[in-house]
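Just so you know, these numbers use all the heavy atoms, side chains as well, and skip hydrogens, waters and symmetry mates. Note that the structure is a prediction, hence the values are computed from the model and not measured. Lettering follows sequence order; numbering is per chain, from 1.
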Number of protein chains: 2
Amino acid sequence: MAEPDPTPQDEAARAGWLYYVGGLTQDQVAAELGVSRQRAQRLVAKAMADGLVHVRLEHKISACLDLEAALVRRFDLQLARVVPALPEGVDTAHATAPAAAQLLERYLAEAEPLIIAFGTGRALSAMASEVMRTPHAQHRIVSLISNIAPDGSASFYDVIMRMADKLQLPHYPMLVPVITDTAAERALFNALRPVQAVMQLAEQADVTFVGIGQINEEAPLFKDGFITRAQLDDLLAAGAAGEIVGGVIDAEGRYIDTETTRLIGSFRIPAGREKPVIGIAAGKSKLQAMQAALKGRLINGLVTDESTARALLD
Amino acid sequence: MAEPDPTPQDEAARAGWLYYVGGLTQDQVAAELGVSRQRAQRLVAKAMADGLVHVRLEHKISACLDLEAALVRRFDLQLARVVPALPEGVDTAHATAPAAAQLLERYLAEAEPLIIAFGTGRALSAMASEVMRTPHAQHRIVSLISNIAPDGSASFYDVIMRMADKLQLPHYPMLVPVITDTAAERALFNALRPVQAVMQLAEQADVTFVGIGQINEEAPLFKDGFITRAQLDDLLAAGAAGEIVGGVIDAEGRYIDTETTRLIGSFRIPAGREKPVIGIAAGKSKLQAMQAALKGRLINGLVTDESTARALLD
DNA sequence: CCAGAGTTTGAGCAAATGCCCAACCAGTGA
DNA sequence: TCACTGGTTGGGCATTTGCTCAAACTCTGG
């Protein structure tokens, strides 16, 4: 009781430790910390909510291993990661996150300095919360697309900042707004020196992590207010099947070019890249988009879940 | 339902996934897997018991950070890791294990091939269960002490085998029995070619993980039946304060030499080593032994818990 | 085919947990 | 000083979980 004043986060961590690692009941945690049981329960919940507690499974379920092998063969991938399916309705981004994080950590553990590129979106954001600090600090991370809406506000999923913060790595955010009002404005941005530098880094990236977005009412671009309904309709009319770091593609995985796409500014992932480009996506709604990206060979690695994998293979 | 026959372990992993990652209740898990709730609960428990589920905490409690810094300063260590204390009576080896495993993983992630040496004991054994597979497979692991009792039986805590199995690394077990009947027999063993090879590897080890044992009624050496009560008394009479991979030390951390110690065969950790030698130990009962090991500069890194750290600093 | 030992299964129950809600507390503006 | 607002605390209760125990089942040897 000689403790001066533990910060709230410290206390949550301690409660989480006692509960999850020590295996105490919340009653015991409460007694240990000298607080009420309810407070202990809240601290434990907070530790979880704040992402202090990480749970991972070691064992690879053989059915998933089979699917991984099948995906690699079928789509000529460098690697595939399939996690067991969660029942419909449960957040899919959440399911793939630990596997994706594990994959990323593998790259982070490399001794030679790497350039690691990130897209945005819920899947990547969830991955960011799951990575654990690793010591090697020689890598650089670069963002392929900003999260700045036309009105200057930033969307939730600021992947690169969270990553950089967590890993203490030098980072290069994409400065260009996701979408500008005119093509001229876009050209202006693209000509900026720092923007070109980031683009060049993205070009050289040793490994790239991207989300895959569907293009419909639920499209991330649309839901987060980056594009208007009219622009969404424009894209759909042009045969849009999916989107990958802002690049809109048709069902064959070719980038499409419309009035709207000319306003979107981000690094454009080239087809058939040698270096790993890992797509992280799962869920029925993304199926079409994922198929397009695979067909166009925009990604050569995939992290998804069991049911999506099965659907892709059909 | 087209699944042929998932292995029991697969099923446990799947249940664990749904429960821990998916956050479903056991009822929901049961429904998803098409089994009874009790079976679901057993599967989840099995996943945990089999070590399929790993829980770690991200946050460092500031009180622990302070203690780490104090330990490093006070005992001139290369590194110290302090985990929050669990209440008395809860298994201490279990508490330090995740932190120790994380540390080990750091070395495993190194790109250049390392030689990693291990002692034995509950603490190391617990660490082994906590390590997660990492990709780099170029290291070698070597055992500093065997777990073979004089009657030829092996004790529980076969650290190196578990490690090798989990990490798929080439391993060099210590062949010599922990203790022989006569000094002549011991000399015979030590002269063996493969034994010398292992000793040489141990000498070169880039990093060494050891447990620290107390010497009293509860001494691991005694409890696991490696030494007799008479031998225990012999050691105590000679001023034994602790034991480190079979080497018995006095309160100043100097190796003591008695009839009994001459029968014990293991690699002897030299004092003041440059390369990291990390001791993993916690608990009041080990305090004296830990102080001795620190005084004798036999270890230059420490993983322990909060209350032990505090006690050491007094 | 049967008897017996060992294992697995699900019902029932007590303990543990999550959550709602009313009471309380600190800070703010009148 | 007092009323008000936003946030925190602990009581109470429904749900969930761990565990025990007896029944069922399997494997083996006669």
Inset, instruction - Take atom CD of A:Q38 and atom P of D:dT9, then tell me their distance rounded to the nearest Å. - result: 11 Å
Inset, instruction - For A:K46 and C:dG18, give me the distance from atom NZ to atom P, rounded to whole Å. - result: 16 Å
Legend entry - Residues that A:E68 engages under salt bridge (charged side-chain N to carboxylate O under 4.0 Å, His left out), provided they are two or more places apart: A:K60
Inset, instruction - Please identify each residue that fulfils side-chain hydrogen bond (donor to acceptor under 3.5 Å, both in side chains) with B:S143, with sequence neighbours left out. - result: none
Legend entry - All salt bridge (charged side-chain N to carboxylate O under 4.0 Å, His left out) counterparts of B:R81, not counting sequence neighbours: none
Between the protein and nucleotides 7-9 of chain C, which nitrogen or oxygen pairs come in under 3.5 angstrom?
from: C:dT9; atom 1: OP2; to: B:R39; atom 2: NH1; distance (Å): 3.3

Legend entry - Inter-residue atom distance A:W17.CH2 - B:L86.CG, 0.5 Å rounding: 6.0 Å
Inset, instruction - Take the protein atom CD of A:Q41 and the nucleotide atom P of C:dC21, then report the distance between them rounded to whole Å. - result: 16 Å
Inset, instruction - Please work out which residues in residues 50-58 of chain A have a non-hydrogen atom less than 4.0 Å from an atom of DNA chain D and list them by number. - result: none
At a cut-off of 3.5 Å, list every protein nitrogen or oxygen paired with a nitrogen or oxygen from nucleotides 14-16 of chain D, distance to 0.1 Å.
none

Inset, instruction - Heavy atoms only: give me the nearest A:L67-A:E306 pair and the separation to one decimal. - result: CD1-CG, 3.5 Å
Inset, instruction - Could you grab the distance from atom CZ of B:R14 to atom CG of B:L33, nearest 0.5 Å is fine? - result: 7.0 Å
Inset, instruction - For side chain to side chain contact (heavy atoms under 4.5 Å, CB included), just list the numbers for B:F118 and B:I141, CA-CA rounded to whole Å, side-chain angles, deciding distance to a tenth of an Å, and then say yes or no. - result: CA-CA 7 Å; B:F118 295 101; B:I141 61 184; 3.8 Å; yes
Legend entry - A:R37 CZ to D:dG11 P, straight-line distance once rounded to whole Å: 10 Å
Legend entry - Derivation and outcome, side chain to side chain contact (heavy atoms under 4.5 Å, CB included), residues B:L18 and B:Q28: CA-CA 9 Å; B:L18 291 168; B:Q28 294 171 296; over 6 Å; no
Inset, instruction - Please test B:L124 against B:M127 for side chain to side chain contact (heavy atoms under 4.5 Å, CB included), starting from the C-alpha separation and ending with a verdict. - result: CA-CA 5 Å; B:L124 282 259; B:M127 171 173 82; 4.0 Å; yes
Inset, instruction - Report yes or no: do B:D50 and A:H59 form a side-chain donor-acceptor pair below 3.5 Å? - result: no
